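I have placed the structure first, in the form of structure tokens, so that the comments after it can refer back to it.
In this text the structure is predicted, and so the values were computed from the model without any measurement. Only this structure's heavy atoms are used, side chains among them; waters, hydrogens and symmetry mates stay out.
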Amino acid sequence: MALLTEEDVRRMSNGGTRGPVVVRREEVLTPGAKDYLSAHKVEVVYPEGKSEAHGAGTSPRPAKAGGEKPAARYRTLFGADLYEKPEHMTHLKGNILVFKDHPRIAFRGYIDLLEAEITLAQHAAAGEGYGTLAEELEEVLDFVRRFIRFDVLDENLGEMRLCGYTPGELREYSHYPEKHFGQPHFLIRYTDGPAILGVNKVRTIVRQTELAAYRAFRDADGNVTRDDIILGLNRLSSLMWIMMIKLKAGKYQKG
């Protein structure tokens, strides 16, 4: 079974200027393709007849021995049944497939990137002798790795405490570092050590991941359906800044 995307029908109709677009029995138009053809008033023909895919939102079922029709292995968000996974699609949850640029898949990609940056920051911290910081980053890594589970299984973040800080304390201490650590806000410089530069890189990736989460979990009105995930990432960004402040203030002992 093949999916005809908007890009496919755009090419087949020469940019919406000619028709008809021929759809074979084993092909299914995606919602974007249907909208494009409708908007450009391009005729669609089915010379082999419409399969269940075009009528009821399912794809043609390959016959088994004896004529028995097997159950579909995958479903899409737009109602098609698939018997093979296209390379340009991936699992959203269970047997539900989405295109690889789906916002929730992009969000999971940022989580993967964030994990990689955390381990690099740990390496830098350990290299400078900041063992305690490396251990705290291990706690952060464990926390970040749970986000995929929160997303796939629709689990709630639950009560949050990172490196001994509550969400309220993370916000307070990151906003008023001079009050709590004797170190005012500062701008990062190339002369700062590898550990602080590494943590700063993690902080920036956390910010990008939070934006990806907003794109993944916002509804049509701009409200978010997973406030817990947004909150968790926002406070994680605060923790990264607190770690940088503590490094700058000499609060982490080497050894």
Side-chain angles (χ1 to χ4, degrees), residues 106-151 155-217 224 226-255:
F107 165 67
R108 295 172 192 177
Y110 271 101
I111 292 296
D112 192 26
L113 174 61
L114 186 52
E115 291 180 25
E117 290 295 345
I118 291 170
T119 55
L120 289 174
Q122 285 181 287
H123 183 74
E128 278 197 277
Y130 293 117
T132 299
L133 175 60
E135 292 175 4
E136 289 182 351
L137 287 169
E138 185 68 21
E139 181 179 339
V140 170
L141 182 61
D142 289 341
F143 175 68
V144 168
R145 283 174 171 162
R146 292 163 53 199
F147 276 84
I148 299 297
R149 180 182 179 89
F150 298 148
D151 176 20
E155 289 187 359
N156 192 274
L157 179 68
E159 183 179 356
M160 176 183 172
R161 180 178 287 271
L162 277 175
C163 300
Y165 299 106
T166 65
E169 289 171 336
L170 288 168
R171 187 178 189 281
E172 166 70 20
Y173 292 3
S174 64
H175 277 63
Y176 305 103
E178 190 167 13
K179 172 183 175 182
H180 297 284
F181 302 108
Q183 170 63 48
H185 292 287
F186 66 95
L187 296 175
I188 203 76
R189 293 180 56 83
Y190 75 94
T191 52
D192 290 310
I196 196 169
L197 294 176
V199 174
N200 182 58
K201 182 66 179 294
V202 173
R203 181 189 62 81
T204 64
I205 300 299
V206 173
R207 296 286 296 272
Q208 294 179 50
T209 306
E210 183 182 354
L211 293 176
Y214 176 68
R215 289 190 291 269
F217 301 112
V224 293
R226 294 300 304 266
D227 291 291
D228 58 320
I229 288 180
I230 301 296
L231 174 65
L233 290 168
N234 184 274
R235 295 303 185 266
L236 181 57
S237 175
S238 297
L239 176 60
M240 295 302 101
W241 182 238
I242 289 172
M243 287 179 172
M244 292 171 63
I245 288 289
K246 291 171 67 176
L247 279 167
K248 196 74 168 178
K251 301 298 183 181
Y252 287 107
Q253 299 299 316
K254 292 186 176 183

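Using a 4.5 Å heavy-atom threshold, the side chains of Met243 and Leu137 count as touching. Between Gln122 and Leu141 the shortest side-chain heavy-atom distance falls below 4.5 Å. Contact annotation: the side chain of Met160 approaches that of Leu170 to within less than 4.5 Å [non-hydrogen atoms, C-beta and beyond]. The closest side-chain heavy-atom distance from Met240 to Val140 is below 4.5 Å. For the pair Val199/Leu133, a side-chain contact is recorded, criterion being any heavy-atom separation below 4.5 Å from C-beta on. Looking only at side-chain heavy atoms (C-beta outward), Asp192 and Met244 stay at 4.5 Å or farther from each other. Put simply, the side chain of Gln208 reaches to within 4.5 Å of the side chain of Ile205, judged on heavy atoms. By the 4.5 Å heavy-atom criterion applied to side chains, Arg108 and Asp151 are counted as neighbours.
Looking at residues two or more places apart in sequence or on another chain, you find a side chain to side chain contact (heavy atoms under 4.5 Å, CB included) between Asp228 and Asn156, Leu157, Arg226.
The two atoms that bring Glu128 and Gly193 nearest to each other are OE1-C, 3.8 Å, heavy atoms only. Minimum interatomic distance between Ala195 and Ala125 (heavy atoms only, all atoms of both residues): CB-CA, 3.9 Å. When all heavy atoms of Thr166 and Arg161 are compared, the pair lying nearest together is CG2-NH2, 3.1 Å. Taking each heavy atom of Ala124 and Pro194 in turn, the nearest pair found is CB-O, 3.6 Å.
Salt bridge present: Lys179 and Glu172 bring a charged side-chain N and a carboxylate O closer than 4.0 Å.
The aromatic ring centres of Phe150 and Phe147 sit less than 6.0 Å apart.
To the nearest 0.5 Å, the span separating SG on Cys163 from NZ on Lys246 amounts to 7.5 Å. The distance from atom CZ of Arg235 to atom CD of Glu169, rounded to the nearest 0.5 Å, is 11.5 Å. The distance from atom CD of Glu210 to atom CG of Leu236, rounded to the nearest 0.5 Å, is 9.5 Å. Between Ile196 atom CD1 and Ile188 atom CD1 the span is 4.5 Å, to the nearest 0.5 Å. Separation of atoms CD1 (Ile242) and CZ (Arg203) is listed at 12.5 Å; rounding is to 0.5 Å. In this structure, Ile230 CD1 and Phe217 CZ are separated by 7.5 Å, a value rounded to the nearest 0.5 Å.
Shown are Ile148, Asp112, Leu233; of these, the side-chain contact (heavy atoms from CB on, under 4.5 Å) with Phe107 is made only by Leu233.
Proximity of a side-chain donor or acceptor of Gln183 to a complementary backbone N or O of Ile245 within less than 3.5 Å is not detected. When atom types are taken as modelled, the side chain of His185 and the backbone of His175 share a donor-acceptor pair closer than 3.5 angstrom.
More than 12 non-hydrogen atoms from other residues, nucleotides or ligands lie less than 6.0 angstrom from CZ of Arg145.
The ring pair (Phe, Tyr, Trp, His ring centres under 6.0 Å) analysis of residues 115-137, with sequence neighbours excluded, yields no pairs.
With a 6.0 Å cutoff to the six-membered ring centre and a 45° limit on the axis angle, Lys248 counts as a cation-pi contact of Phe186.
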